[in-house]
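The chain is numbered in sequence order, starting from 1.
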Amino acid sequence: MASDYERGRVGLLLVDLVNENFSEDGKGYAVYAPEYERLGTIDALKKLIAGVRRRGDIPLLYSTTAFADADYTSWKHVSGIHRQMFDKRMFEAGTWSTRFHEDLAPEPGDLILPPHQGIDVFPHTDLDFQLRRRGIEYLAIAGVSGIMGVESTARTAMERGYHVTTFTDAIAAPGGLVTYQAMMRGLNMVSHSVVGVDDFLASLDRSAA
């Protein structure tokens, strides 16, 4: 169910909308592609971004993952998800793979956060500072991976007192329907609202009326 939002206090965080995940030549694309097709993820993200831009008073914040060359071999403790990324040398800083996908890219006036290397966007960036200095209380989070970056960031946002919205469609995770269902259960636990893009945009319209 969509929430009511206070006008001027809503922000949209977009997680890892980069070539590595969204271009067919990206190293992460193949694991997401079936879910992109099933859920209509890319079209949902396009609609979400365009709909938020039209409203003119909602900041768009973009986050990216990036690793320097030394990171792939110098970490002492490497988690399972980082091992998968390091083995494939994914998200190489300064390369095509970490550039935003052209159909989902930021525009002038959007905020691009510093790259993060963990799963949660909060600890490795100034996201919290940027939200608070803009008076953002309601944070919507979209992108990939829904079971990693999106869910981890949503959980921290909830713990820090933000009202959190996540999405049923502007999101994806590898693993098909079983993973999707588990992802939705998890997001419903840490979010205040889990909705489709159409319902979210309609709720913004009601709040602005």
Side-chain angles (χ1 to χ4, degrees), residues 13-36 39 41-42 45 61-101 104-106 111-131 139 141-160 162 164 166-167 170-191:
L13 174 65
L14 299 158
V15 180
D16 283 334
L17 306 189
V18 296
N19 288 323
E20 195 78 287
N21 293 326
F22 285 92
S23 294
E24 291 186 9
D25 292 334
K27 295 174 184 175
Y29 179 83
V31 300
Y32 292 112
E35 287 297 278
Y36 289 164
L39 299 173
T41 301
I42 295 176
L45 283 165
L61 302 96
Y62 281 76
S63 76
T64 62
T65 301
F67 300 104
D69 188 63
D71 290 319
Y72 296 106
T73 56
S74 64
W75 285 25
K76 183 177 181 180
H77 303 294
V78 181
S79 69
I81 184 60
H82 284 95
R83 174 56 58 204
Q84 291 182 31
M85 293 187 286
F86 287 5
D87 285 350
K88 297 179 181 178
R89 292 187 65 89
M90 296 178 70
F91 303 107
E92 292 187 65
T95 69
W96 169 89
S97 67
T98 53
R99 294 179 195 141
F100 294 104
H101 187 276
L104 306 169
L111 177 65
I112 301 174
L113 297 166
H116 59 94
Q117 296 186 328
I119 305 305
D120 184 347
V121 176
F122 275 99
H124 300 274
T125 73
D126 60 348
L127 173 59
D128 193 57
F129 172 75
Q130 295 294 347
L131 294 174
L139 181 61
I141 308 173
V144 297
S145 166
I147 58 173
M148 290 289 174
V150 173
E151 185 176 342
S152 295
T153 305
R155 182 180 292 107
T156 300
M158 178 270 290
E159 297 281 5
R160 295 190 181 194
Y162 293 98
V164 178
T166 50
F167 294 92
I171 194 170
L177 181 60
V178 172
T179 300
Y180 178 81
Q181 291 171 334
M183 176 174 68
M184 288 296 109
R185 288 193 294 271
L187 290 175
N188 271 284
M189 292 296 101
V190 300
S191 306

request  = Walk me through it: do Leu131 and Leu13 pass the test side chain to side chain contact (heavy atoms under 4.5 Å, CB included)?
outcome  = CA-CA 10 Å; Leu131 294 174; Leu13 174 65; over 6 Å; no
Sequence neighbours excluded, the answer for side-chain hydrogen bond (donor to acceptor under 3.5 Å, both in side chains) partners of Thr98 is none
Is there a side chain to side chain contact (heavy atoms under 4.5 Å, CB included) between His116 and Thr65? Walk through the geometry before answering. CA-CA 5 Å; His116 59 94; Thr65 301; 3.2 Å; yes
Contacts of Gln84 meeting side-chain hydrogen bond (donor to acceptor under 3.5 Å, both in side chains) (sequence neighbours excluded), chain-then-number -> none
Residues pairing under salt bridge (charged side-chain N to carboxylate O under 4.0 Å, His left out) where one sits in residues 145-157, two or more places apart or in two chains, turn out to be Glu151-Arg155
Here the pair of heavy atoms bringing Val31 nearest to Pro34 is O-CD, 4.1 Å
Value for CD (Gln130) from CG (Leu111), rounded to nearest 0.5 Å, stands at 4.5 Å
By side-chain contact (heavy atoms from CB on, under 4.5 Å), Pro106 pairs with (sequence neighbours left out) Tyr62, Phe100, Asp110, Ile112
So the salt bridge (charged side-chain N to carboxylate O under 4.0 Å, His left out) pairs with at least one residue in residues 91-101 (sequence neighbours excluded) are Lys27-Glu92, Arg89-Glu92
Those residues at least two apart in sequence (or on a different chain) that pass ring pair (Phe, Tyr, Trp, His ring centres under 6.0 Å) with Phe122 are none
Output for pair (Lys88 NZ, Tyr72 OH), nearest 0.5 Å, gives 12.5 Å
Leu17 and Gly143 have their tightest heavy-atom pair at CD2-CA, 3.9 Å
- Message: Set out, in order, the CA-CA distance, both residues' side-chain angles and the distance that settles side chain to side chain contact (heavy atoms under 4.5 Å, CB included) for Phe22 and Val144, then state yes or no.
- Response: CA-CA 10 Å; Phe22 285 92; Val144 297; 3.9 Å; yes
d(Tyr29 OH, Asn19 CG) to nearest 0.5 Å is 12.0 Å
Here the gap from Ile119 atom CD1 to Asp16 atom CG, rounded to the nearest 0.5 Å, amounts to 9.0 Å
By ring pair (Phe, Tyr, Trp, His ring centres under 6.0 Å), Phe91 pairs with (sequence neighbours left out) none
Salt bridge (charged side-chain N to carboxylate O under 4.0 Å, His left out) filter on Glu35, not counting sequence neighbours, yields Arg38
Looking only at heavy atoms, the pair that brings Leu45 and Ala142 closest together is CD2-CB, 3.9 Å
Closest heavy-atom pair, Val164 versus Ala157, reported as atoms and distance to 0.1 Å, is CG2-CB, 3.6 Å
Indicate yes or no for a side-chain donor-acceptor contact from Ser79 to the backbone of His82 under 3.5 Å, with no hydrogens or angles considered. yes
Given His101 and Asn21, is the side chain to side chain contact (heavy atoms under 4.5 Å, CB included) satisfied, shown in steps? CA-CA 9 Å; His101 187 276; Asn21 293 326; over 6 Å; no
To the nearest 0.5 Å, atom CG of Leu127 lies from atom CD1 of Ile141 at 8.0 Å
Fill in: Whether Tyr36 and Tyr32 hold their rings parallel, tilted or perpendicular, with breakpoints at 30° and 60°
parallel
Looking only at heavy atoms, the pair that brings Ala93 and Ala68 closest together is CB-N, 4.4 Å
Taken in chain and number order and not counting sequence neighbours, the residues that satisfy salt bridge (charged side-chain N to carboxylate O under 4.0 Å, His left out) with Asp87 are Arg83
The reported gap from OG1 in Thr41 to CG in Leu104 (rounded to nearest 0.5 angstrom) is 10.5 Å
Here the salt bridge (charged side-chain N to carboxylate O under 4.0 Å, His left out) pairs for residues 116-128, sequence neighbours left out, are Asp128-Arg132, Asp128-Arg160
Shortest non-hydrogen pair, Gly146 vs Leu187, comes out as O-CD2, 4.4 Å
Without placing hydrogens or testing angles, list every side-chain donor-acceptor pair under 3.5 Å for residues 172-183, not counting sequence neighbours.
from	atom 1	to	atom 2	distance (Å)
Thr179	OG1	Pro174	O	3.4
Thr179	OG1	Gly175	O	3.4
Tyr180	OH	Thr168	O	2.7

Across all chains, not counting sequence neighbours, the side-chain hydrogen bond (donor to acceptor under 3.5 Å, both in side chains) partners of Asp71 are Trp75, Gln117
